[in-house]
Amino acid sequence: MGRGRRGFFDDLIKRPWPVALAVGIAGFAGIRYGVPAIFARQDGPFAQGLATASAALAPVAWLFLTACALCALVAFVNARRRRHLLDSRTGLESLAAIDWREFEQLVGEAYRRQGYHVAETGLGGPDGGVDLILRKDGRRTLVQCKQWRRRQVPVNVVREMYGLLAHYNADAVRIAAIGGFTRDAARFATDKPITLIDGPTLLALVHSVRTDARPTAPTQPAATLHRIAPAFATPLPGTAATPDCPRCGTAMVERTNRRTASVFWGCSAYPACRGTR
């Protein structure tokens, strides 16, 4: 029974934190109010005893809600840690610098950002087996993560993963390995639902889903923005562009100097005002 409870909460931690919180609230409502309501409808000599026993379920309801809230908190912290783990990878050396468990979490986070539901099975360990199960569009994909730095994945590993397809009722297999694969392994994967992901390919996947690598809307260069010139280069007299007299503030009119034939602005109140521009 104890193992069952631990397994339930362990599974809850592996899910998104809102799920754990929602389960806690639903469980609290069911234990605190649902069960007493059912007992209240019972008839017979044991009805009073059942009603009394249901009142003692309030502490249990609060305990369940607290446990689920703690699971939600742990799930939230783990999700943030996985996001930071992926976003901080810059090269193959940084992929090799983390431990094998973190490497599995990094690969899972990369696929999670591609819209996959990722289940971390914990069955593979550092030596082999199924590490992740991906689900998307009704398809199930088995993933094995190999953090071998100076060793290529041999053909027998690929063959073993291919043999697990029927056992897990899966559709495809993916193997991620920093050190790459032997020629025999690549040859065996040909024409089979097997995807071999070497170090550079995995790094490209990580970079493509990083939060700071999301595409932004293209902006138009400033050089291509042009202002349309007005139809008239010179303002016409009497329009809003006609200046006011600097002396009296009256609207000015265009005048022509009789000697020089030059055009200038003169006050319309001339000769009472001799303001010019």
Side-chain angles (χ1 to χ4, degrees), residues 1-39 53-89 94-95 97-126 129-145 147 168 170 174 176 202 205-206 208-214:
M1 190 178 221
R3 287 195 301 270
R5 284 196 297 268
R6 288 195 299 270
F8 170 77
F9 290 115
D10 286 342
D11 292 340
L12 208 57
I13 290 174
K14 295 178 181 179
R15 296 184 178 275
W17 69 266
V19 174
L21 196 59
V23 170
I25 295 174
F28 173 83
I31 298 173
R32 182 67 180 86
Y33 302 105
V35 174
I38 294 175
F39 285 166
S54 65
L57 293 177
V60 178
W62 283 107
L63 182 62
F64 182 80
L65 177 60
T66 302
C68 291
L70 291 176
C71 290
L73 178 61
V74 174
F76 175 77
V77 173
N78 289 343
R80 289 197 61 180
R81 185 172 55 83
R82 287 194 299 265
R83 289 195 295 268
H84 174 73
L85 180 67
L86 187 145
D87 292 335
S88 59
R89 299 306 100 184
S94 62
L95 294 179
I98 56 180
D99 61 38
W100 65 270
R101 186 58 178 162
E102 292 176 328
F103 183 70
E104 293 177 4
Q105 294 173 353
L106 181 144
V107 176
E109 179 65 15
Y111 283 114
R112 189 175 287 107
R113 295 187 185 186
Q114 287 190 327
Y116 288 90
H117 175 271
V118 181
E120 299 176 0
T121 65
L123 302 177
V130 178
D131 299 314
L132 308 170
I133 299 179
L134 311 180
R135 292 182 178 88
K136 186 178 181 182
D137 299 331
R139 292 175 56 85
R140 177 180 297 183
T141 303
L142 309 179
V143 180
Q144 185 180 97
C145 305
Q147 202 194 13
Y168 283 89
R174 297 182 184 182
L202 177 60
L205 171 62
V206 169
S208 68
V209 297
R210 283 177 53 169
T211 55
D212 57 356
R214 293 176 181 175

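Here the structure is a predicted model, which is why all the values come from computation and not from measurement. The figures here come from the full heavy-atom set of this structure, side chains too, leaving out hydrogens, waters and symmetry mates.
- Within the 4.5 Å cutoff, the side chain of F64 has no heavy atoms near those of the F28 side chain.
- Two residues are said to be in side-chain contact when any heavy atoms from C-beta on lie closer than 4.5 Å; Q114 and L205 meet this criterion.
- The only member of V143, T141, L142 that meets side chain to side chain contact (heavy atoms under 4.5 Å, CB included) when paired with L132 is V143.
- Looking at residues two or more places apart in sequence or on another chain, you find a side-chain contact (heavy atoms from CB on, under 4.5 Å) between R81 and N78, Q105.
- Side-chain contact between H117 and L134: absent, with no pair of heavy atoms (C-beta onward) separated by less than 4.5 Å.
- Summarising the geometry of A176 relative to V107, their closest heavy-atom pair is CB-CG2, 4.5 Å, with the distance given to 0.1 Å.
- Residues L86 and R113 meet the side-chain proximity criterion, which asks for heavy atoms closer than 4.5 Å.
- D131 contributes no side-chain N or O that, together with a main-chain N or O of E104, makes up a donor-acceptor pair within less than 3.5 Å.
- To the nearest 0.5 Å, atom CG of residue L21 and atom CG of residue L65 are 7.5 Å apart.
- Residues meeting the side-chain contact (heavy atoms from CB on, under 4.5 Å) test with R140, sequence neighbours left out: I133, R135, A170, D171.
- Remark: I98 pairs with L85, R89, E102, F103, L106, Q147 by the side-chain contact (heavy atoms from CB on, under 4.5 Å) rule, at least two apart or across chains.
- In this structure, the side chain of D99 engages the main chain of R101 through a donor-acceptor pair within 3.5 Å.
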